[in-house]
Protein chains: 2
Amino acid sequence: MPEPDAGARSPRQPTIRDVAERAGVSKSLVSLVLRDAPHVSDARRMVVLEAIAELGYKPNAHARGLSRTKSDTIGVLLNDLRNPWFVDVLEALTATLHASGLSPVLADSYTDQRVGRRSVEAMLQQGIDGLVVVGTTPEFDAIQAAAEVIPVVLAGTRDPKLPNVDIVVNDDAAGAREATQHLIDLGHTYIAHLSGPGEIGQLRLAGFREAMIDAGLDPEEFTETGGMSEESGYAASRRLLTRKKRPTAIFAFNDIAAIGALSAAADQGLHVPSDLSVVGYDNTYLSRIRHLSLTSVDNGNFAIGVQAGRFLAERLEAPVQLQRIHLVPATLEVRGSTAAPPAGK
Amino acid sequence: MPEPDAGARSPRQPTIRDVAERAGVSKSLVSLVLRDAPHVSDARRMVVLEAIAELGYKPNAHARGLSRTKSDTIGVLLNDLRNPWFVDVLEALTATLHASGLSPVLADSYTDQRVGRRSVEAMLQQGIDGLVVVGTTPEFDAIQAAAEVIPVVLAGTRDPKLPNVDIVVNDDAAGAREATQHLIDLGHTYIAHLSGPGEIGQLRLAGFREAMIDAGLDPEEFTETGGMSEESGYAASRRLLTRKKRPTAIFAFNDIAAIGALSAAADQGLHVPSDLSVVGYDNTYLSRIRHLSLTSVDNGNFAIGVQAGRFLAERLEAPVQLQRIHLVPATLEVRGSTAAPPAGK
DNA sequence: GACGCAATATGGAACGGTCTAAATTTGTCC
DNA sequence: GGACAAATTTAGACCGTTCCATATTGCGTC
């Protein structure tokens, strides 16, 4: 006995049963059509599809998620939304997942943490079939816990080192080497590096060292501990540029830090690139801003996203696998912030 | 009869029934404890909580979502992840929602569209209780459809004009007026405006006009149609700056376009701010980059996020309400890109 | 025309919670 | 000490799908 609707309440979403009734078939058949299973006659399929359209039926994800084991849903843990780096990765990842019939579910770990929300846990409860971690994250424990239940892939970070978690990163050592070599080739000999955190930071530092040593230069003299922020890049550069013997080039951990270096240079009245060359890393759209025009190492974000999606799809097929590490080549994007050192230096 | 586990398969997540059995109570009681309902004796509650901890029980969101009408989940439709504008809004929004016991579910409309995924629809199927649209979006139809079923709030956009959808924006006209007035106060008389799209663009243009007319200046002379991208800001500025009579100040639709203006100025050998003043809008972290140091209108993103969260929470309480529009005050953030016009101009 | 097999279609039991109504326990008052 | 009300606890229906086991149908054969 239907009650009179109070106000403008919508009369409840149609369910699979409504569709079945309308089409004059069983709900099982409707279900089969929805999942476009084989063994359904074209005639019936037609009728059902029509009923679906007429009723405006939309499947209920919860119900589906409850009875199926899988949800075809992949959690994507984003970290610093302020770092534009992840956008390309996300785009490629989304496309790749979509091609495998998977839907990404986004979570912003940084913001969530600030409000005390456990993003990974929430996603797990929601029944994600897999997890992609994009960028450095602090939630090691949660990720480890997740990895025991579902496939996990790390994109652009190497850090929670876990036995059965795939890693997709760019070749940080090679990228750093190339950036440093570029400066060396320009004629620089006083080359500084603003190092960054984590294993990624170590690798970039290693690449820098390698190139310097190969060129017979001292890699230690101008290495400063930087960070991931503009602020820290600024501070570190300031320290470097106020020394009596100062570098003619700075290779920063990432674009943001490099931008801090640009500011520090401006403060000291140094012109980029004639007085000081600056190289960043990540090739974010920041580096492409004409006014900054930052030479930067492109870490192949798009390729990273694609491969991360592939790894995940593969793991969903065959869960038990050893850890795999995929290195995406890094390429240097030369822009206006690098040039030969000032004469006489 | 439990089968021997093939491989390292986890033995199925414990359910509410397992907890009940372990605690020696009914599953209903467990459910009550989970929702910390009143009328549960402390003794029982204790026992249940213990069992939950011992078993490592995690509630299944699908099952819950299926039987409850509400999901306490709010869809957040983000648009251009490349525009850092939305980050602050998201942060405030997340915090506010969280305080009301609601969880945000993120979707990236831009990326989703590129891969042909219907973000709003997906969220609806997932059972969101409400939707917040952050920033301009193209999915008008989908939003309209959503608004017929659940509360919808627009943050930072006015565009799908719908009868029962709340809007939270900054006072664009006032902000534009203030920015323009700042330039007038500095002594500029040749002031250009790079206008932007949508109603927001119209309002900022209107504010600009108002201030100009009040000051007895011609608002039309240097108004160019810009856009939301660096590219379009660059192009429009270039057109302006290559005229024989050129402006001494540019007020751009947003920070990104303003950065394009900076580049155009550099191309023409104009120094900012001594030859040309530039003002942006949005006060994104880009404007704060020392190297850019862009004077910009702060549109109170945080406040926008907070109010959007409130509106939504209110609508969840009392669904039938007329549309409300909340204006957040805009404040000018003066930085290094504005100064008095060159003497003799 | 009956028979057997494949191709289709259907009933009904899960899935893991919530929630209502009813049962049970506890407590209070005379 | 018993009646009655209040406070707890519980049984069991139900939410909308999936999917397994069982019908039912359609056809080619003999």
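Given the structure is predicted, the values throughout are model-derived calculations rather than measurements. Below, read A as the first sequence line, B as the second, and so on, with proteins coming before strands; counting in each chain starts at 1.
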- Would B:V33 and B:V19 count as a side-chain contact (heavy atoms from CB on, under 4.5 Å) if you check the C-alpha gap in whole Å, the side-chain angles of each, and the deciding distance to 0.1 Å? CA-CA 11 Å; B:V33 171; B:V19 174; over 6 Å; no
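A 4.0 Å heavy-atom criterion places the boundary nucleotides of DNA chain C facing chain A at C:dT8 to C:dG16, written 5' to 3'. Nucleotides of DNA chain D that come within less than 4.0 Å of any heavy atom of chain B span, from the 5' end to the 3' end, D:dT8 to D:dG16.
Tested against A:V30, the residues A:D18, A:T15, A:I16 include a single side-chain contact (heavy atoms from CB on, under 4.5 Å) partner, A:I16.
Of the possible donor and acceptor atoms, none in the side chain of B:R158 sits under 3.5 Å from a partner among the backbone N and O of B:I325. Listed for the B:D166 side chain is no donor-acceptor partner under 3.5 Å among the backbone atoms of B:V153. Of the possible donor and acceptor atoms, one in the side chain of B:N79 sits under 3.5 Å from a partner among the backbone N and O of B:T136. A donor-acceptor pair under 3.5 Å is formed between the side chain of A:Q323 and the backbone N or O of A:L162.
Nearest-nucleotide mapping onto DNA chain D: of B:L29 and A:L66, the residue sitting toward the 5' end is B:L29. Closest-nucleotide positions on DNA chain C for A:V25 and B:T69 were compared, and the one nearer the 5' end corresponds to A:V25. Nearer to the 5' terminus of DNA chain D, by closest-nucleotide assignment, is the contact made by B:G24 (compared with the other of B:R68 and B:G24).
Note on A:K58: only backbone sugar-phosphate atoms sit closer than 4.0 angstrom, heavy atoms only; bases stay farther off. Nucleic acid contact for A:R44: sugar-phosphate only, since backbone atoms but no base atoms lie under 4.0 Å from a heavy atom of the residue. Using a 4.0 Å heavy-atom cutoff across all strands shown, A:P59 reaches sugar-phosphate atoms only and no base atom. Using a 4.0 Å heavy-atom criterion, one finds that B:T15 contacts the sugar-phosphate atoms exclusively.
The pair A:E139-A:R118 counts as a salt bridge, with a side-chain nitrogen and a carboxylate oxygen less than 4.0 angstrom apart.
In the displayed structure, A:E21 atom CD is contacted under 6.0 Å by at most 12 heavy atoms of other residues, nucleotides or ligands.
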